Structure formats: structure tokens, C-alpha cells
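Structure, as C-alpha cells:
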Amino acid sequence: MEAFGDDIEKVLIKEDEIQAKLADMGEQITADYQGRSLLLVGVLKGAFVVMADLSRHIQLPVQFDFMAVSSYGAATKTSGVVRILKDLDHDLRDRDVLVVEDIVDSGLTLKYLLKNLAGRKPATLEVAALLRKEGIQQVDLDVRYVGFDIPNEFVVGYGLDYGEKYRNLPYIGTLRSAAYAP
Ligand code: IMP
Ligand code: MG
């Protein structure tokens, strides 16, 4: 593979470490929701890889839904106000809803989304995120399932992009500075 190998500075989390962690998370989720069915909500695009792999470790009836959001741009980024580009197909009322995220950075996007989703009266609403950046969450967020806490560095791979590239890397890594050049 390695179409992008030269752009990667270092591998932060290897493919087998990610898969092992997702298996653990899936086992925990399966135990926590025993006897129920789950609606997994993915935030496009980054979450689609995590969602595909995590869901296969959840031994419960599962349905899938996706939403696409965009922030209102640099000026309003700190407000965390996001625009919903694609809304969910499912009604959330009385459902057990698990939002699946690739990464929680400032947490602002997620905070906004959770408020929006909570208004639709699900029975339960929790979050599973593969990555969480250490120490910089600007908002108080209760992320029930976290894969890895990582340093505050920009990472790509496993769903995460820079300029829409690198989402298909099977590991999480950082970019060489040359890869940021236009
Ligand atoms: P937040 O609102 O600051 O938590 O960030 C929300 C979104 O920013 C994430 O869902 C990602 O799409 C993107 N993002 C944040 N950090 C990174 C990163 O290190 N690499 C790639 N995308 C990131
Ligand atoms: Mg992105």
C-alpha cells in the first residue's frame, strides 16, 4: 500500500492496536446495552471507518445512521455552532443512541450535536470516540467510551483527513511538514 507513506512523520497508533481497542470497546458496549438494540450515529465523514470496524465488535441488533455537519467557518468556530448538511433518517425518540466519533478535539462540534440530538428525546444518548486529544477540551463533555487519549498534535489516518487525504490509512499518524505545503 503506502501510497502516502512518505508523507507520514510517525505512526502514533498502529493498525493492530486500533483493532484491539475497538474489540475492547465493542465488548464493553455489548455488555452495557445487553437486551437492547442500538442506533449508531456517525458524523461524516471521519467516523465512517471507526463505525464500520467498531460495529462489527458489537454483538447486538444495530442500526446505522449518519449526519453531515460543517462549522460556520473560522470566525464562528469557537462558538461551536455547526450547520447540519445532512440530517438523520431515523427518529430518535425512545431509542438507545450511540454517537460514534473519530476524534474529540475542542469538543465544540460534539457538544452542539449532542444538544441537538438530546432535543429529539432519545431514551439514552452516549458517545464513543476512538481518539480524544489530551487536555484541550474547551467544554465539559462526557464521552462514555474513549479509545485513546493522544497528545495535542494533528493526526491523520483511519478516517481522519488533511485536505480530504489520508482517510484510508489503516493507522493513525502525524504528517511531515512537507505534506502541509500547498
Ligand atoms: P472539535 O469540534 O474541535 O472537537 O473537532 C471536530 C472535528 O475536527 C473532528 O471531528 C475532526 O473532523 C476534526 N479534527 C480535529 N482534530 C483533528 C486532527 O488531529 N486531524 C484531523 N481532523 C481533526
Ligand atoms: Mg476533517
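Every value quoted in this text rests on a predicted model; they were computed, and no experiment measured them. Counting starts at 1 for both ligands and their atoms, following the listed order.
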Compare every heavy atom of [Y] with every heavy atom of [X], then report the nearest pair and how far apart it is.
{"X": "Ala47", "Y": "Glu101", "result": "CB-CA, 4.3 Å"}
{"X": "Lys45", "Y": "Glu164", "result": "NZ-OE1, 3.0 Å"}
{"X": "Leu88", "Y": "Arg120", "result": "CD1-NH1, 3.8 Å"}
{"X": "Arg167", "Y": "Val49", "result": "O-CG2, 4.1 Å"}

One pair to check against side chain to side chain contact (heavy atoms under 4.5 Å, CB included): Asp7 and Tyr162. What are the steps and the verdict?
CA-CA 11 Å; Asp7 293 351; Tyr162 172 68; over 6 Å; no
For [X], take its heavy atoms, then give the atoms of ligand 1 lying under 4.0 Å from any of them.
{"X": "Ser106", "answer": "1 (P), 2 (O), 3 (O), 4 (O)"}
{"X": "Lys133", "answer": "16 (N), 17 (C), 18 (C), 19 (O)"}
{"X": "Glu101", "answer": "10 (O)"}

Among Leu160, Val155, Leu175, the residue with a heavy atom nearest to atom 20 (N) of ligand 1 is Val155
Option with minimal heavy-atom separation from atom 2 (O) of ligand 1, where the choices are Val104, Thr109, Asp102
Thr109
Classify the contact between Asp161 and ligand 1 as side chain, backbone, both or neither, using a heavy-atom distance cut-off of under 4.0 Å.
backbone
Looking only at heavy atoms, is any part of Glu153 under 4.0 Å from ligand 1, and if so is it the side chain, the backbone, or both, or is it neither?
backbone
Can you confirm whether Tyr166 sits close enough to Leu175 that some side-chain heavy atom of one is under 4.5 Å from a side-chain heavy atom of the other?
yes
Look at ligand 1 and say whether Gly107 reaches it with a heavy atom at a distance under 4.0 Å.
yes
